[in-house]
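Just so you know, these numbers use all the heavy atoms, side chains as well, and skip hydrogens, waters and symmetry mates.
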Amino acid sequence: MKQDGVVLDPLTFKMLLDAFIKSGKFDSALEILDHVENELDLGEHTNYLMPDLYNSVLVALVRNEQLGLALTIFFKLLDSSSGERNGEGNGGVFPNAVACNEVLVALRKAGMKDEFKRVFDKLKEKGVFPLDTYGYNICIHAFGCWGELGVSLSLFKEMKEKGCPDLCTYNSLVLVLCLAGKVKDALIVWEELKGSGHEPDEITYGILIHGSSKTYRTDDATKIFSEMQYNGFRPSINVYNFLLDGYLKARKLNEACQQFEKMADDGVRASCWTYNILIDGLFRNGRPAAAYALFCDLNKKGQFVDGITYSIVTLQFCREGRLEEAIQLVEEMEARGFVVGLVTITALVIAHYRHGRWEGIERLMKHIRDGNLMPTVLKWKATMEASMKDPQSRSKDFTPMFAAEGDFNEVLRLINSADRRSDTSGDTEGVEPDKKDSLSGDTDQWSSSPYMDHLANQVGSDNHSFLPFSLSRGKRVLEKGTNSFDIDMVNTYLSIFLAKGKLSLACKLFEIFTDMGVDPVGYTYNSMMSSFVKKGYFNEAWGVLNEMGDNTCPTDIATYNVIIQGLGKMGRADLASAVLDKLLEQGGYLDIVMYNTLINALGKAGRTDEATKLFQQMRSSGINPDVVTYNTLVEVHSKADRLKDAYKFLKLMLNAGCPPNHVTDTTLDFLKEEIEKVRYQKASMKLANSDKYS
DNA sequence: TTAGGGTTAG
């Protein structure tokens, strides 16, 4: 190419542009690009040089974290192009697959969902999507992670028609199904994957073990783990951790101990996370002394202890009401240089509220270094309370902002999709994906993955849920600073107000922050809902559910738990099974808290037999009952005058090695009184009888 | 990819 006698080759331009971008001179790079395009006569080079230059500029911008600039160029190019890829034809300058993929990956990693969608839609609109297998994989992964499983599945269907899925595609799909809580589906897809000419790799195994453990499918997780080792893969420490966590969450303490020993036998060194899982698990499995001993031991050695470890033990002290020790621990944590995060602070503040120990909070504040956080929390609290005392605002009750129409029908309407199911039996097995059905109809009998076809075919038909379900329970973040009130800060304040029962204050806070454009997350809604249900404000609770739907905020296991709790308190435990069906149909699962809530709701409604049945179902599904389960069953049976059954559950509890707690004592006091009453009755009857014959 | 919100008792 020539300009005023100077000859520059295309490579020189590329290097020049690259150098400018690397040194942060983006404007200069773009000026050069503009100059080349508009001022130079590139002659025969135009058709390949310009697209080439644009593509390398795009890639360089993305790699130098200039996503905004990259997007501007990206859309400009797409809008000015005529439809062909890579500049073939009349000078169209499309970004090539490499550049598009770079942009998409960067957007996914940055969590820029809206921008990602814009790019995706634009590519589709221009008819240039699909790019390649990698591009498809990125999109399947991204949409699935953002809760749009339907998009992922239809993309997969498209890929299959083109015959281009690879192992990464399958792994992404399995991951995305697990994230949506559809672990059962993921397991079926996995079985089919093995028959489709692909071999699972350690990524596949890791995803499945994680998904199964999280959804209490410990038997599945154990099986997959063995298969992984049998096939010659060496599971990473994380995989051991997933399984350990799963056992402890399912209250399978023995299996957890075996797994921990197996780890050592396999020559895998425990990590800090392993010990954190173990300490927390021991606390939750009724072994607080062992947990605390382990913590002290590690702490003495100065090994495998981090901020999370301290947080776990502090939280346990808060639960037990040992506030003095909790504060001491936080002081030690501070002294050792660990950050005291929002989780710990929230728990501490709430515990102090509950026990009316204000002086403890003052002391806490003194010990939290670079903590502008505590003063800010307290300042906010004061400001909010003052503003609520103002007669003008006090007259305004904020609960109506969540009010919904009415009763349990409203609940069912909210959680129901397009009334797809006619079968509403309470049999939870009935909602497992029905493979027989999926293979009938228009599915290709010869497909290598009929179940995935089935899933893909459901998309856009009648499987759309009004409220999507998510396995993810929301990320945990350290505070970002006192001036940025992000959703985590809002959640912390909300927790504090809700713990005090200050619903109006919480609603006001909710209103302020949503007005500021802060998007609530599942955690926020669940907390609000739970407080409304506890106070018996059911319309407001269902109103929150309604708003979750409007904001397409995915529900999770805790949401469903609150719904069941609410229905129980409304005296409509009979509707619990319909809700349960819905949860399982959505791919959800039952965890220990859910079982306990259900057993309580059924028991309090006088449905003791159903409660007992659920207890058995819980055990056969691989979850061991815990102290809450046994306490609930003992209480429910005592109050139903089934004293022998109550005693039976007490014995079961002790035989299972489940240590009673202070709630058990209360329940037993009640049981004792009931037994006394019965004795007294019997005695007086005897007396009456003997009187008769004397 | 481990700690918070959702379960019993009061």
Side-chain angles (χ1 to χ4, degrees), chain A residues 175 178-179 206-207 209-211 213-214 236-246 248-249 271-281 283-284 304 306-316 318-319 341-351 354 471-478 488 491-492 494-496 498-499 521-531 533-534 555-566 568 591-601 603-604 625-636 660-670:
Chain A
L175 172 74
C178 284
L179 285 177
I207 295 167
I209 292 168
H210 186 206
S213 300
K214 269 217 133 149
S236 69
I237 176 67
N238 291 343
V239 175
Y240 282 89
N241 288 345
F242 295 151
L243 208 49
L244 186 68
D245 191 45
L248 289 165
K249 290 235 157 71
S271 67
C272 187
W273 286 44
T274 318
Y275 287 110
N276 287 345
I277 290 167
L278 206 53
I279 292 170
D280 185 61
F283 278 134
R284 287 177 199 274
F304 302 118
D306 65 1
I308 303 288
T309 328
Y310 272 99
S311 179
I312 289 168
V313 182
T314 307
L315 261 52
Q316 175 68 16
C318 287
R319 244 175 261 138
L342 272 184
V343 171
T344 320
I345 289 176
T346 310
L348 280 163
V349 175
I350 288 173
R354 288 205 173 129
L471 189 57
S472 137
R473 309 278 301 277
K475 59 181 184 344
R476 302 188 167 86
V477 188
L478 296 174
D488 297 291
N491 289 339
T492 298
L494 268 181
S495 305
I496 290 166
L498 292 174
V521 291
Y523 182 106
T524 324
Y525 287 118
N526 289 346
S527 310
M528 302 284 287
M529 248 178 93
S530 168
S531 300
V533 162
K534 283 209 172 89
T555 59
D556 63 13
I557 184 88
T559 318
Y560 276 87
N561 189 51
V562 178
I563 294 171
I564 298 280
Q565 202 194 341
D591 71 0
I592 188 145
V593 178
M594 194 70 184
Y595 271 115
N596 289 343
T597 308
L598 272 163
I599 289 172
N600 180 52
K604 293 271 160 74
D626 67 358
V627 62
V628 177
T629 326
Y630 287 114
N631 285 346
T632 309
L633 283 164
V634 172
E635 192 214 336
V636 155
N661 63 10
H662 66 285
V663 180
T664 322
D665 295 339
T666 320
T667 313
L668 287 186
D669 287 342
F670 181 82

Sugar-phosphate only, base, or nothing, as touched by I312(A) at under 4.0 Å among non-hydrogen atoms: sugar-phosphate
Sugar-phosphate only, base, or nothing, as touched by N600(A) at under 4.0 Å among non-hydrogen atoms: sugar-phosphate
Protein-nucleotide distance (F283(A), atom CZ; dG4(B), atom P), rounded to Å: 12 Å
N/O donor-acceptor pair, side chain D591(A) with base dG6(B), under 3.5 angstrom: yes
Out of dT2(B), dT8(B), dG6(B), whichever nucleotide has its closest atom nearest the side chain of I277(A): dT2(B)
Minimum-distance nucleotide (side-chain atoms of K249(A) versus dG6(B), dT2(B), dG4(B)): dT2(B)
Touch class at under 4.0 angstrom, heavy-atom based, for T667(A) against every strand present: nothing
Working for side chain to side chain contact (heavy atoms under 4.5 Å, CB included), residues M529(A) and Q565(A): CA-CA 11 Å; M529(A) 248 178 93; Q565(A) 202 194 341; over 6 Å; no
Presence of K214(A) side-chain N/O under 4.0 Å of dT2(B) phosphate oxygens OP1/OP2: yes
Nucleotide nearest T666(A) (side chain, heavy atoms from C-beta), chosen from dG5(B), dG6(B), dA9(B): dA9(B)
T309(A) to C272(A) - nearest heavy-atom pair and separation: OG1-SG, 4.3 Å
Nearest-Å distance for atom pair CG/P, residues L633(A) and dA9(B): 12 Å
R284(A) vs dA3(B): side-chain N/O to OP1/OP2 distance below 4.0 Å: no
Taking every non-hydrogen atom, the tightest pair across A601(A) and G568(A): CB-CA, 4.1 Å
Proximity to the side chain of E635(A) - top-ranked nucleotide from dA9(B), dA3(B), dG6(B): dA9(B)
Polar contact flag, side-chain donor to acceptor under 3.5 angstrom, N661(A)-T664(A): yes
Closest to the N596(A) side chain, choosing from dT2(B), dG4(B), dT7(B): dT7(B)
Heavy-atom donor-acceptor pair, S213(A) side chain to I209(A) backbone, under 3.5 Å: yes
Donor-acceptor contact below 3.5 Å, side chain S530(A) vs main chain N526(A): no
Nearest-nucleotide pick for A558(A), side chain only, options being dT2(B), dT8(B), dG5(B): dG5(B)
Donor/acceptor link under 3.5 angstrom from Y523(A) side chain onto base of dG4(B): yes
Euclidean distance, atom CD1 of residue I279(A) to atom C1' of dA3(B) [Å, nearest integer]: 11 Å
Side-chain N or O of Q565(A) closer than 4.0 Å to phosphate OP1/OP2 of dG6(B): no
Selected nucleotide, minimal atom distance to K604(A) side chain, candidates dG4(B), dG5(B), dA9(B): dA9(B)
Of the listed nucleotides dT2(B), dG6(B), dG5(B), the one nearest the side chain of N526(A): dG5(B)
Touch class at under 4.0 angstrom, heavy-atom based, for G307(A) against every strand present: nothing
Touch class at under 4.0 angstrom, heavy-atom based, for S311(A) against every strand present: base
